[in-house]
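Read the structure below first, then the notes.
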Amino acid sequence: MYWQQDIETLSRDRLEKLQLERLKATLDLAYNSPFYKKTMDENGISSDSIHSLDDLKKIPFTTKNDLREHYPYGMAAVPIKQCVRLHSSSGTTGNPTVVLHSQKDLDEWANQVARCMYMVGIRDTDVFQNTSGYGMFTGGLGFQYGAEKLGALTVPAAAGNTKRQIKFIRDFETTCLHIIPSYATRLAEVMYEEGVDPRKNTKLKIICIGAEPHSEEQRKRIEQLLGVKAYNCFGMSEMNGPGVAFECTEQNGLHIWEDYVIVEIIDPVTLKPVKDGELGELVLTTINREAMPLLRYRTRDLTRILPGNCPCGRTHKRIARFQGRSDDMIILKGVNLFPIQIETILMQFKELGSNYLITLETVGNSDEMLIEVELSDLFTDDYSVLQGLTKEIIRQLRDELLLTPRLKLVARGSLPVQEGKAIRVKDLRKII
Amino acid sequence: MTINQISIFLENKYGKLSEILSLLGKEHIRIIAATIADTSEFGIMRIIVSDPQKAYAILKENNVSANLTDVLAVVTGSSADDFAETLAHFTKAGLSIEYMYCFAVNGKAILIIRTNNREAAREVIRRQNIEYICESDLIQL
């Protein structure tokens, strides 16, 4: 049941003691990087000034912008000679962010991913197919090394080419997949179109879904379509990649591995810690990485800590399913909202498919939201039924969002299909 | 007594209609009657075709949102009086007409009618001995 029982079920006292030791060691390491040397000197921080985990608050936050400004090697805490791999973001909005790894870092990361996969029931007897892009995207190599460490037979199928994915799943008798949720739905749809019932004609049983915020309703739909258990995984390239946090078989929150990171949740505006259980931005400090430690890194991901103990026996804290990124937050007419809120409502209607698009536009002097959503099929030829459906969806959206969107039902297959991360929001607003 | 009508969900999108019709044209499906009503956001096209089952299968294969509905197809003269008389049989039986459209063949009008009660409508046709066409007649129209 456990990959590393001692660590996964370590008492809170001992876990926090371990965190403090590792934090102090991390500070000593971080001081070798030009960036942290400057920050620590300016703020009078050293490992000696940290006496408890509470002292973490003395350390300033690190932001994505810091990583960009110190592109490419300004954050390195070991000589580049000691690094064996780097991962970089695409950098579409400025300098890319680079994360460096030593061999020890890669080994630890593989262990972290193996621990997650073992937790959801994947074993060395399984065939694991990874549909992530390889290369710079960490979902490829991250899962690859984790699955190999676990001893599963790996199928590094990489992204796209749905028909080939299906052929692999059938020919290699794939039992487990790593897949982004929007693509999981797409894959299932193509299987059914091709006359393959994944519940009967494949051996699929466990899938790891992540990289995109998705609602509980979407998870259930994926589980039904594919006849599998789907587990939510969370990772980000700045924190290695996949494996930072993962659901256990309880499917109630993601255990975040506290022997790897120290977790804080802050209010993204005041930067103060929120009360336990409240929604805020996830802030992480790496305590098990040598090439590029990050101290109090603002992830921009919004979540909350789930209170209470998990029945699975693991002592590492659980975070809730992601509510989106603080960057994804839509502000419309002064109302703050997240695409996931809209998705949660849409997925409750069996008449609707999984594909939708939110467009923000300026109409006259006012900003409006248009939601286009595909019908799962034409189930009626009666206008009043379709109009009634439209009204009911709008009513539920209004209750949730506190503003009234326009809703347009569209035919199945008419919204762009995305095999990468789905783009759900188009902002065409003009600044008036 | 009833025939299958195909209803197709249409977005208000340029070129969508001809795209769908050419799918049927390629397979030599003839369109006997068609009607489109629309709201501001979407429309439903209702068509009577020479081979409804085949047409429906083609649409499904091409991932078009479509639905088969059975409707009555009754034959009447083409004068307004003939129309009125035929419809009166249904209204007298307490039925209301949800929608109706018609087309003409050889000087005869064929009314496509959808009522709120299919069974009662069939009963009216039997009792009043109204002329109707059935699915096997379509191929010859």
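The chains referred to below are lettered A, B, ... by the order of the sequence lines, with proteins before strands, and numbering in each begins at 1.
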Item to check | Q5(B), part contacting chain A, at a heavy-atom distance under 4.5 Å | outcome: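 Contact with chain A: side chain only.
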Checklist entry - Is Y132(B) atom OH crowded by more than 12 heavy atoms from other residues, nucleotides or ligands, each under 6.0 Å away? => result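 Open.
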Item to check | Spacing of CZ belonging to F9(B) relative to OG1 belonging to T380(A), to within rounding of 0.5 Å | outcome: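 Atom-to-atom, F9(B):CZ and T380(A):OG1 are 11.5 Å apart.
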Item to check | From N63(B) atom CG to S414(A) atom OG, the distance as rounded to the nearest 0.5 Å | outcome: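 That separation rounds to 9.5 Å.
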Item to check | Main-chain N/O of R412(A) paired with S65(B) side-chain donor or acceptor, under 3.5 Å | outcome: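 Answer holds: yes.
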Next on the checklist: Check whether Y383(A) reaches the backbone of I44(B) with its side chain - one donor and one acceptor, N or O, closer than 3.5 Å.
Outcome noted: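 Judged by distance alone, yes, a pair lies under 3.5 Å.
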Checklist entry - For E374(A), is it the side chain, the backbone, both, or neither that has a heavy atom closer than 4.5 Å to a heavy atom of chain B? => result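 When you check distances to chain B, no heavy atom of E374(A) falls under 4.5 Å.
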Item to check | F128(A): ring-ring contact (aromatic ring centres under 6.0 Å, His included) partners, not counting sequence neighbours | outcome: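 So F128(A) forms a ring-ring contact (aromatic ring centres under 6.0 Å, His included) with F143(A).
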Item to check | Set of residues satisfying salt bridge (charged side-chain N to carboxylate O under 4.0 Å, His left out) with respect to K391(A), sequence neighbours excluded | outcome: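 Partners of K391(A) by the salt bridge (charged side-chain N to carboxylate O under 4.0 Å, His left out) criterion come out as none, since no residue qualifies.
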